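Structure first, commentary second.
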Amino acid sequence: MLNDEELEKYRKVGKLLAEVREQVRPLVKVGTKLVEIAETTEDLIRQKGVEPAFPCNVSVNEIAAHYSPPATDDAVIKEGDVVKVDMGAHLDGYIADTAFTVAIGEKEDLVRTVEQALEAAINVVKPGIDVGEIGKAVEGVAKAAGLKPIRNLTGHSLARWDLHAGLTIPNVDERTGQKLKVGDVIALEPFVTDGAGYVEDQKRAYIFRYLREVPTRLRMSRELLRDIRRRYDGLPFAERWLAKRMSKLRLELTLRELSGIGALWPYYVLAERAGGKVAQAEHTMIVTEQGCEVTTR
Ligand code: MN
Ligand code: MN
(Lines give C-alpha, C1' and ligand atoms only; values in the text may rest on other atoms or scores of the structure.)
(Ligands and ions follow the chains in the order given, each with its own letter.)
Protein backbone atom coordinates (compact mmCIF):
# COMPACT_ATOMS: atom_id res chain seq x y z
CA MET A 1 0.00 0.00 0.00
CA LEU A 2 1.06 3.59 -0.59
CA ASN A 3 0.98 6.30 2.05
CA ASP A 4 -0.40 9.78 1.28
CA GLU A 5 3.01 11.26 0.56
CA GLU A 6 3.86 8.51 -1.92
CA LEU A 7 0.47 8.86 -3.60
CA GLU A 8 0.98 12.60 -3.96
CA LYS A 9 4.41 12.11 -5.52
CA TYR A 10 3.09 9.59 -8.04
CA ARG A 11 0.24 11.98 -8.91
CA LYS A 12 2.48 15.00 -9.22
CA VAL A 13 5.14 13.37 -11.41
CA GLY A 14 2.40 11.82 -13.56
CA LYS A 15 0.71 15.15 -14.14
CA LEU A 16 3.99 16.90 -15.00
CA LEU A 17 4.97 14.13 -17.42
CA ALA A 18 1.56 14.32 -19.13
CA GLU A 19 2.19 18.04 -19.68
CA VAL A 20 5.58 17.27 -21.22
CA ARG A 21 4.03 14.64 -23.50
CA GLU A 22 1.49 17.14 -24.84
CA GLN A 23 4.19 19.80 -25.32
CA VAL A 24 6.34 17.34 -27.29
CA ARG A 25 3.54 15.91 -29.47
CA PRO A 26 3.46 18.79 -32.03
CA LEU A 27 7.23 18.40 -32.60
CA VAL A 28 6.69 14.94 -34.06
CA LYS A 29 6.38 15.98 -37.70
CA VAL A 30 8.28 15.70 -40.97
CA GLY A 31 11.74 17.25 -40.75
CA THR A 32 12.25 17.15 -36.97
CA LYS A 33 15.47 15.41 -35.89
CA LEU A 34 14.92 12.39 -33.64
CA VAL A 35 17.58 13.62 -31.26
CA GLU A 36 15.78 16.96 -30.95
CA ILE A 37 12.63 15.14 -29.78
CA ALA A 38 14.60 13.18 -27.18
CA GLU A 39 16.53 16.17 -25.88
CA THR A 40 13.50 18.48 -25.80
CA THR A 41 11.57 15.87 -23.83
CA GLU A 42 14.34 15.41 -21.28
CA ASP A 43 14.88 19.20 -20.98
CA LEU A 44 11.16 19.83 -20.40
CA ILE A 45 11.12 17.13 -17.71
CA ARG A 46 14.00 18.86 -15.91
CA GLN A 47 12.41 22.32 -16.35
CA LYS A 48 9.39 21.06 -14.45
CA GLY A 49 11.59 20.22 -11.47
CA VAL A 50 11.68 16.45 -11.87
CA GLU A 51 14.24 14.14 -13.51
CA PRO A 52 14.15 11.73 -16.45
CA ALA A 53 13.57 8.19 -15.12
CA PHE A 54 15.12 6.83 -18.32
CA PRO A 55 16.32 8.26 -21.64
CA CYS A 56 13.58 9.37 -24.00
CA ASN A 57 13.04 6.65 -26.62
CA VAL A 58 12.24 7.75 -30.19
CA SER A 59 11.64 4.52 -32.11
CA VAL A 60 10.60 4.71 -35.75
CA ASN A 61 8.64 2.21 -37.93
CA GLU A 62 9.80 -1.41 -37.34
CA ILE A 63 11.94 -0.33 -34.39
CA ALA A 64 9.55 -1.03 -31.51
CA ALA A 65 11.51 0.23 -28.51
CA HIS A 66 14.83 1.11 -26.84
CA TYR A 67 16.10 3.49 -29.49
CA SER A 68 17.35 6.64 -27.80
CA PRO A 69 19.22 8.57 -30.48
CA PRO A 70 22.93 9.12 -29.86
CA ALA A 71 24.17 12.71 -30.03
CA THR A 72 25.52 12.19 -33.56
CA ASP A 73 22.28 10.83 -35.07
CA ASP A 74 21.14 13.27 -37.75
CA ALA A 75 18.08 11.24 -38.82
CA VAL A 76 14.87 13.23 -39.29
CA ILE A 77 11.21 12.22 -39.42
CA LYS A 78 10.04 11.41 -42.95
CA GLU A 79 6.72 11.07 -44.73
CA GLY A 80 5.18 7.67 -43.88
CA ASP A 81 7.03 7.20 -40.57
CA VAL A 82 5.38 5.71 -37.48
CA VAL A 83 7.11 7.43 -34.56
CA LYS A 84 6.87 6.23 -30.97
CA VAL A 85 7.97 8.57 -28.18
CA ASP A 86 8.36 6.86 -24.78
CA MET A 87 9.27 9.03 -21.80
CA GLY A 88 9.73 8.66 -18.04
CA ALA A 89 10.17 11.03 -15.11
CA HIS A 90 10.75 10.55 -11.41
CA LEU A 91 10.25 12.63 -8.30
CA ASP A 92 12.40 11.29 -5.45
CA GLY A 93 12.40 7.95 -7.25
CA TYR A 94 8.61 7.79 -7.76
CA ILE A 95 8.15 7.15 -11.48
CA ALA A 96 5.72 8.04 -14.26
CA ASP A 97 6.05 6.30 -17.64
CA THR A 98 4.04 7.27 -20.72
CA ALA A 99 4.27 6.91 -24.50
CA PHE A 100 2.45 7.94 -27.65
CA THR A 101 2.71 7.29 -31.39
CA VAL A 102 2.35 9.61 -34.35
CA ALA A 103 1.79 8.15 -37.84
CA ILE A 104 2.81 10.50 -40.63
CA GLY A 105 0.67 9.29 -43.53
CA GLU A 106 -1.34 6.12 -43.97
CA LYS A 107 -0.69 4.09 -40.85
CA GLU A 108 -3.13 5.96 -38.62
CA ASP A 109 -5.08 2.72 -38.06
CA LEU A 110 -2.13 1.41 -36.05
CA VAL A 111 -2.24 4.44 -33.78
CA ARG A 112 -6.01 4.38 -33.37
CA THR A 113 -5.92 0.68 -32.55
CA VAL A 114 -3.15 0.89 -29.98
CA GLU A 115 -4.89 3.80 -28.24
CA GLN A 116 -8.13 1.80 -28.13
CA ALA A 117 -6.21 -1.21 -26.83
CA LEU A 118 -4.74 0.88 -24.01
CA GLU A 119 -8.18 2.20 -23.02
CA ALA A 120 -9.63 -1.33 -23.10
CA ALA A 121 -6.74 -2.50 -20.92
CA ILE A 122 -7.20 0.35 -18.42
CA ASN A 123 -10.91 -0.51 -18.20
CA VAL A 124 -10.25 -4.06 -16.96
CA VAL A 125 -7.78 -3.03 -14.24
CA LYS A 126 -9.03 -3.73 -10.72
CA PRO A 127 -7.77 -5.58 -7.66
CA GLY A 128 -7.90 -9.38 -7.85
CA ILE A 129 -7.70 -9.83 -11.60
CA ASP A 130 -5.03 -12.01 -13.19
CA VAL A 131 -2.85 -9.62 -15.22
CA GLY A 132 -3.55 -11.90 -18.20
CA GLU A 133 -7.00 -10.26 -18.37
CA ILE A 134 -5.22 -7.09 -19.44
CA GLY A 135 -3.46 -8.94 -22.23
CA LYS A 136 -6.75 -10.46 -23.31
CA ALA A 137 -8.27 -6.97 -23.67
CA VAL A 138 -5.28 -5.75 -25.71
CA GLU A 139 -5.24 -8.79 -27.98
CA GLY A 140 -9.00 -8.54 -28.57
CA VAL A 141 -8.78 -4.94 -29.79
CA ALA A 142 -5.73 -5.62 -31.97
CA LYS A 143 -7.24 -8.69 -33.64
CA ALA A 144 -10.58 -6.96 -34.25
CA ALA A 145 -8.63 -4.38 -36.27
CA GLY A 146 -6.79 -7.07 -38.25
CA LEU A 147 -3.51 -6.33 -36.42
CA LYS A 148 -1.33 -8.17 -33.91
CA PRO A 149 -0.17 -7.28 -30.42
CA ILE A 150 3.54 -7.82 -29.82
CA ARG A 151 3.81 -10.97 -27.70
CA ASN A 152 7.21 -10.39 -26.20
CA LEU A 153 6.79 -6.80 -25.08
CA THR A 154 4.99 -6.26 -21.80
CA GLY A 155 3.75 -3.76 -19.26
CA HIS A 156 5.22 -3.78 -15.77
CA SER A 157 4.82 -2.70 -12.18
CA LEU A 158 6.77 0.25 -10.79
CA ALA A 159 8.30 0.87 -7.39
CA ARG A 160 10.47 3.60 -5.97
CA TRP A 161 13.70 3.81 -8.06
CA ASP A 162 12.57 0.66 -9.84
CA LEU A 163 11.20 0.74 -13.39
CA HIS A 164 10.39 -2.99 -13.56
CA ALA A 165 9.31 -3.94 -10.07
CA GLY A 166 8.27 -7.57 -10.48
CA LEU A 167 4.91 -7.80 -12.25
CA THR A 168 5.04 -8.50 -15.99
CA ILE A 169 1.82 -7.58 -17.76
CA PRO A 170 1.24 -9.34 -21.08
CA ASN A 171 -0.21 -7.83 -24.23
CA VAL A 172 -1.76 -11.18 -25.20
CA ASP A 173 -4.30 -13.50 -23.59
CA GLU A 174 -2.46 -15.78 -21.16
CA ARG A 175 -2.96 -16.86 -17.56
CA THR A 176 -0.03 -15.73 -15.46
CA GLY A 177 -1.10 -16.48 -11.90
CA GLN A 178 -0.10 -12.92 -11.02
CA LYS A 179 -2.88 -10.80 -9.56
CA LEU A 180 -3.27 -7.05 -9.07
CA LYS A 181 -3.82 -5.56 -5.62
CA VAL A 182 -4.77 -2.14 -4.30
CA GLY A 183 -1.77 0.20 -4.29
CA ASP A 184 0.08 -1.52 -7.12
CA VAL A 185 1.57 1.04 -9.50
CA ILE A 186 1.61 -0.29 -13.05
CA ALA A 187 2.46 0.89 -16.55
CA LEU A 188 0.35 -0.62 -19.33
CA GLU A 189 1.95 -0.41 -22.76
CA PRO A 190 0.32 -2.25 -25.63
CA PHE A 191 2.24 -2.47 -28.90
CA VAL A 192 0.43 -3.37 -32.13
CA THR A 193 1.88 -4.16 -35.52
CA ASP A 194 1.04 -5.12 -39.08
CA GLY A 195 4.02 -7.52 -38.92
CA ALA A 196 4.61 -10.86 -37.14
CA GLY A 197 3.89 -9.76 -33.56
CA TYR A 198 7.37 -10.42 -32.16
CA VAL A 199 10.40 -8.25 -31.59
CA GLU A 200 14.03 -9.30 -31.78
CA ASP A 201 17.19 -7.78 -30.31
CA GLN A 202 19.42 -5.87 -32.66
CA LYS A 203 23.13 -5.84 -31.92
CA ARG A 204 23.21 -2.15 -31.00
CA ALA A 205 22.39 -0.48 -27.66
CA TYR A 206 22.14 3.20 -26.74
CA ILE A 207 20.55 2.76 -23.30
CA PHE A 208 22.26 1.03 -20.37
CA ARG A 209 21.78 0.46 -16.66
CA TYR A 210 24.35 0.04 -13.90
CA LEU A 211 24.49 -3.51 -12.57
CA ARG A 212 27.58 -4.03 -10.40
CA GLU A 213 31.18 -3.15 -9.74
CA VAL A 214 33.44 -5.36 -11.84
CA PRO A 215 37.23 -4.92 -12.01
CA THR A 216 38.40 -3.45 -15.30
CA ARG A 217 41.89 -3.07 -16.70
CA LEU A 218 41.53 0.45 -18.03
CA ARG A 219 41.39 3.42 -15.71
CA MET A 220 39.08 5.24 -18.13
CA SER A 221 36.54 2.42 -17.88
CA ARG A 222 36.79 2.31 -14.08
CA GLU A 223 36.21 6.04 -13.80
CA LEU A 224 33.28 6.00 -16.19
CA LEU A 225 31.65 3.11 -14.29
CA ARG A 226 32.08 4.89 -10.98
CA ASP A 227 30.50 8.03 -12.39
CA ILE A 228 27.61 6.10 -13.92
CA ARG A 229 26.93 4.48 -10.55
CA ARG A 230 26.98 7.81 -8.76
CA ARG A 231 24.75 9.62 -11.24
CA TYR A 232 22.31 6.98 -12.48
CA ASP A 233 22.40 4.21 -9.88
CA GLY A 234 19.68 1.73 -10.76
CA LEU A 235 17.93 3.77 -13.45
CA PRO A 236 18.68 3.57 -17.19
CA PHE A 237 20.88 6.19 -18.87
CA ALA A 238 21.68 7.13 -22.48
CA GLU A 239 24.98 6.95 -24.32
CA ARG A 240 24.06 10.51 -25.37
CA TRP A 241 24.18 11.70 -21.74
CA LEU A 242 27.88 10.80 -21.64
CA ALA A 243 28.78 12.13 -25.10
CA LYS A 244 30.76 15.11 -23.80
CA ARG A 245 33.10 12.93 -21.72
CA MET A 246 35.05 11.24 -24.50
CA SER A 247 35.08 10.65 -28.24
CA LYS A 248 32.16 8.74 -29.71
CA LEU A 249 34.33 5.76 -30.63
CA ARG A 250 35.97 5.59 -27.19
CA LEU A 251 32.58 5.87 -25.48
CA GLU A 252 31.05 3.12 -27.61
CA LEU A 253 33.98 0.81 -26.93
CA THR A 254 33.91 1.51 -23.19
CA LEU A 255 30.16 0.93 -22.88
CA ARG A 256 30.53 -2.30 -24.86
CA GLU A 257 33.39 -3.43 -22.63
CA LEU A 258 31.45 -2.63 -19.44
CA SER A 259 28.42 -4.50 -20.81
CA GLY A 260 30.55 -7.47 -21.80
CA ILE A 261 31.96 -7.94 -18.30
CA GLY A 262 28.52 -7.62 -16.68
CA ALA A 263 28.98 -4.18 -15.10
CA LEU A 264 26.23 -2.64 -17.25
CA TRP A 265 22.99 -3.99 -18.65
CA PRO A 266 22.58 -3.02 -22.34
CA TYR A 267 19.04 -2.45 -23.60
CA TYR A 268 19.35 -3.70 -27.17
CA VAL A 269 17.29 -1.93 -29.80
CA LEU A 270 14.17 -4.03 -30.46
CA ALA A 271 12.93 -4.48 -34.03
CA GLU A 272 9.78 -6.15 -35.33
CA ARG A 273 10.71 -9.60 -36.68
CA ALA A 274 8.91 -9.27 -40.03
CA GLY A 275 9.74 -5.59 -40.43
CA GLY A 276 6.14 -4.55 -39.65
CA LYS A 277 5.43 -1.06 -38.47
CA VAL A 278 4.78 -0.77 -34.74
CA ALA A 279 2.63 1.59 -32.65
CA GLN A 280 2.71 1.93 -28.85
CA ALA A 281 0.63 3.74 -26.25
CA GLU A 282 1.35 3.81 -22.52
CA HIS A 283 -0.03 5.17 -19.26
CA THR A 284 0.95 4.74 -15.62
CA MET A 285 -1.76 4.02 -13.05
CA ILE A 286 -2.37 3.18 -9.42
CA VAL A 287 -4.70 0.26 -8.65
CA THR A 288 -7.61 1.39 -6.43
CA GLU A 289 -10.54 -0.43 -4.77
CA GLN A 290 -12.81 0.43 -7.70
CA GLY A 291 -10.36 0.12 -10.59
CA CYS A 292 -7.44 2.45 -11.13
CA GLU A 293 -6.32 6.05 -11.14
CA VAL A 294 -4.31 6.97 -14.24
CA THR A 295 -1.49 9.33 -13.19
CA THR A 296 -0.35 10.32 -16.70
CA ARG A 297 -3.64 11.55 -18.25
MN1 MN B 1 7.60 3.65 -21.35
MN1 MN C 1 7.01 1.18 -19.48
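Bear in mind that the values here come from a model prediction, so they are computed numbers and not experimental data. Just follow the structure's listing: the first ligand is 1, and inside any ligand the first atom is 1.
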Looking just at side-chain N and O atoms, do E282 and T98 make a donor-acceptor pair shorter than 3.5 Å?
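Distance-only check fails for E282 and T98.
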Can you confirm whether the side chains of R240 and S68 place a donor and an acceptor under 3.5 Å from each other?
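Judged by distance alone, the side chains do pair up.
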Examine Y232 together with W241 and report whether their ring centres are nearer than 6.0 Å.
yes
Single-linkage hydrophobic cluster [X]~[Y], side-chain heavy atoms < 4.5 angstrom:
| X | Y | result |
| --- | --- | --- |
| L188 | V287 | yes |
| Y206 | L251 | no |
| L153 | L163 | no |

Checked the Mn ion (ligand 2): protein N, O or S atoms closer than 2.8 Å come out as D97 OD2, H156 NE2, E189 OE2, E282 OE2
